[in-house]
2 protein chains.
Amino acid sequence: MTTKAKPEQPEQSASRRRRERERQQMRTRLLEAARDIAAEEGWNAVTIRRIANKLEYTAPILYQYFSSKESLFVELMMVGFTELADQLKVAAQAPPEERLAAMAEAYWTFAFASPELYQAMNGMDGVPFGTAETPLEAKAAFRTFRIALQSIAEARGAEVVDPIGAVDTVWAFLHGCVSLAMAGRVAGGGDRAKTLMLNGLEPLFTAQVRG
Amino acid sequence: MTTKAKPEQPEQSASRRRRERERQQMRTRLLEAARDIAAEEGWNAVTIRRIANKLEYTAPILYQYFSSKESLFVELMMVGFTELADQLKVAAQAPPEERLAAMAEAYWTFAFASPELYQAMNGMDGVPFGTAETPLEAKAAFRTFRIALQSIAEARGAEVVDPIGAVDTVWAFLHGCVSLAMAGRVAGGGDRAKTLMLNGLEPLFTAQVRG
DNA sequence: CCAGAAGTCTATCATTGTTAGATATTAGAT
DNA sequence: ATCTAATATCTAACAATGATAGACTTCTGG
């Protein structure tokens, strides 16, 4: 219990390792197939038979790699949060004055580059979303956001009063803008929605700051 | 084509009127049944058979009143926006200083008093949301919001720079807060999320105003 | 009292997610 | 090299879903 978590097979045969790897590859192939279908025809078109067919398998294959269709969705949701966290981390490297806008833009870009993922993450459209504990992967994105907000405040010679609340507030605003825009509910379309988002961001953040 | 739209039956027999009314009542009964099931067990549990059973009918009855299950959902979405518009209109009667917070609170209260409706309106959970033109009913709520924002600005001796954009911005923020809170993604739970929403609202609105 | 319209039901359809059981393929020890 | 056991995949079937067709009953208006 000192160095490794699972010291069951100290000597893993090479072939066993290979099969483990192939198994994981099959999982990601299934995930990508589902994602592709969703991207092209929406989540309602994603059935286990279509996923399997896309890889030239038959339907029950899914249950060798996922416990259910929903669990595949959940995993795809985690994939989404991981990708989002990555892109936020990149945007967080922008200079402090542009950092906030850069991260908002990264959030927006991610959402509209992969709407099917964004929907899976936020339970829109036909994605069942019932048992949603906040995924651990989301916390990484959250953490990136928190550090960024604090560093921006610091660069302004101030501090974020309630860092966690600030992230929730900013995140909620970004999500709201994206969500409404994606549903086609913002007059003037996506470009205008993005502008409104970027305009609203600054005062919203400033109010989270003191000093 | 001058006074009435459909002058087919100028003399509508009383019984015909009664049957028309009964037909409409049956529609709303079906809508309420669907809503009740969704409120108790979530949208995934809403099947045409359960809706019909709840009213002691058999499944195909639905198709005498709606063209499909989805069209029933769409109509329920419109019901939701109508109810929301009503409650916003009530909140808009608060004195100007409290009006903004009152309307945000009304939005929040509506969402959590009828989460199943809110989900139907915003395509969360298991509600198919594919072909969503912005419903006309939403425009009433939108309009109420716009007038309220302008009146609040006026009471402060200022004006809203871009009224439509201001409504979109505020609405997006409210929706984002509710959406994250409903998904259980706000640390500290619903009460904290509501506080964050009310706190963020004021600076967000102020930034929409000039003079 | 009667023709037709309106309302409802039974029976059925293809499709969905899921499982059981059979069958082929592979791994590791002898 | 061969046997056994595990792994991978398939076929066949299940109940439940949304939806449709056609029969049956009830009501309406003349």
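The chains referred to below are lettered A, B, ... by the order of the sequence lines, with proteins before strands, and numbering in each begins at 1. This is a predicted model, so every value here is computed, not measured.
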Rounded interatomic separation in angstrom, taking [atom1] from [X] and [atom2] from [N]:
{"X": "B/L72", "N": "D/dG18", "atom1": "CG", "atom2": "C1'", "result": "13 Å"}
{"X": "A/E56", "N": "D/dA8", "atom1": "CD", "atom2": "P", "result": "19 Å"}
{"X": "B/M26", "N": "C/dA6", "atom1": "CE", "atom2": "P", "result": "17 Å"}
{"X": "B/K69", "N": "D/dG18", "atom1": "NZ", "atom2": "P", "result": "4 Å"}
{"X": "B/R27", "N": "C/dA6", "atom1": "CZ", "atom2": "P", "result": "16 Å"}
{"X": "B/E22", "N": "D/dC27", "atom1": "CD", "atom2": "C1'", "result": "11 Å"}
{"X": "B/L30", "N": "C/dT8", "atom1": "CG", "atom2": "C1'", "result": "13 Å"}
{"X": "A/I61", "N": "D/dT7", "atom1": "CD1", "atom2": "P", "result": "14 Å"}

Between [X] and [N], does any side-chain N or O lie under 4.0 Å from OP1 or OP2?
{"X": "B/R50", "N": "D/dA16", "answer": "no"}
{"X": "B/Y63", "N": "D/dT20", "answer": "no"}
{"X": "B/T58", "N": "C/dT8", "answer": "no"}

For B/E116, is there any backbone N or O sitting under 3.5 Å from a side-chain donor or acceptor partner on B/R35?
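Here the side-chain-to-backbone pair does not exist.
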
Please check if the side chain of A/K69 supplies one atom and the backbone of A/V46 the other of a donor-acceptor pair under 3.5 Å.
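Between the backbone of A/V46 and the side chain of A/K69 there is a qualifying donor-acceptor contact (under 3.5 Å).
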
Nucleotide nearest A/R19 (side chain, heavy atoms from C-beta), chosen from C/dA6, C/dA27, D/dT9:
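Closest of the options to the side chain of A/R19: C/dA27.
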
Between C/dT16, D/dT17, D/dT9, which one does the side chain of B/R49 approach most closely?
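Of all the options, the side chain of B/R49 is nearest to D/dT17.
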
Taking atom NZ of A/K89 as the centre, does the number of heavy atoms from other residues, nucleotides or ligands within less than 6.0 Å exceed 12?
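No, because the 6.0 Å sphere around NZ of A/K89 holds 12 heavy atoms or fewer from other groups.
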
Please classify the nucleic acid contact of A/Y65 as base, sugar-phosphate, or nothing, using heavy-atom distances under 4.0 Å.
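Answer is sugar-phosphate: A/Y65 comes under 4.0 Å of backbone atoms only.
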
Scan B/T47 against the nucleic acid and name what it touches under 4.0 Å (heavy atoms): base, sugar-phosphate only, or nothing.
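Sugar-phosphate, no base atom in range.
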
Start at the 5' end of DNA chain C and walk down; is the nucleotide closest to A/A45 or to A/P60 reached first?
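Whichever sits nearer the 5' end wins; that is A/A45.
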
Any non-hydrogen side-chain atom of A/I61 less than 4.5 Å from a side-chain atom of A/I48?
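A side-chain contact is absent here, since even the closest heavy-atom pair is not under 4.5 Å.
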
I want to check something: taking the side chain as every heavy atom from C-beta on, are B/Y118 and B/Y107 in contact at a cut-off of under 4.5 Å?
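A side-chain contact exists here, since the closest heavy-atom pair is under 4.5 Å.
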
Going by atom types alone, do A/E202 and A/T206 pair a side-chain donor with an acceptor below 3.5 Å?
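Judged by distance alone, the side chains do pair up.
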
Would you mind reading off the bend of the helix from C/dC1-D/dG30 to C/dT30-D/dA1 from its two end axes, five pairs each, to 10 degrees?
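Roughly 10° between the end axes, to the nearest 10°.
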
For the pair A/T28 and A/E32, evaluate side-chain hydrogen bond (donor to acceptor under 3.5 Å, both in side chains) and give the outcome as yes or no after the intermediate values.
CA-CA 6 Å; A/T28 53; A/E32 282 170 5; 5.2 Å; no

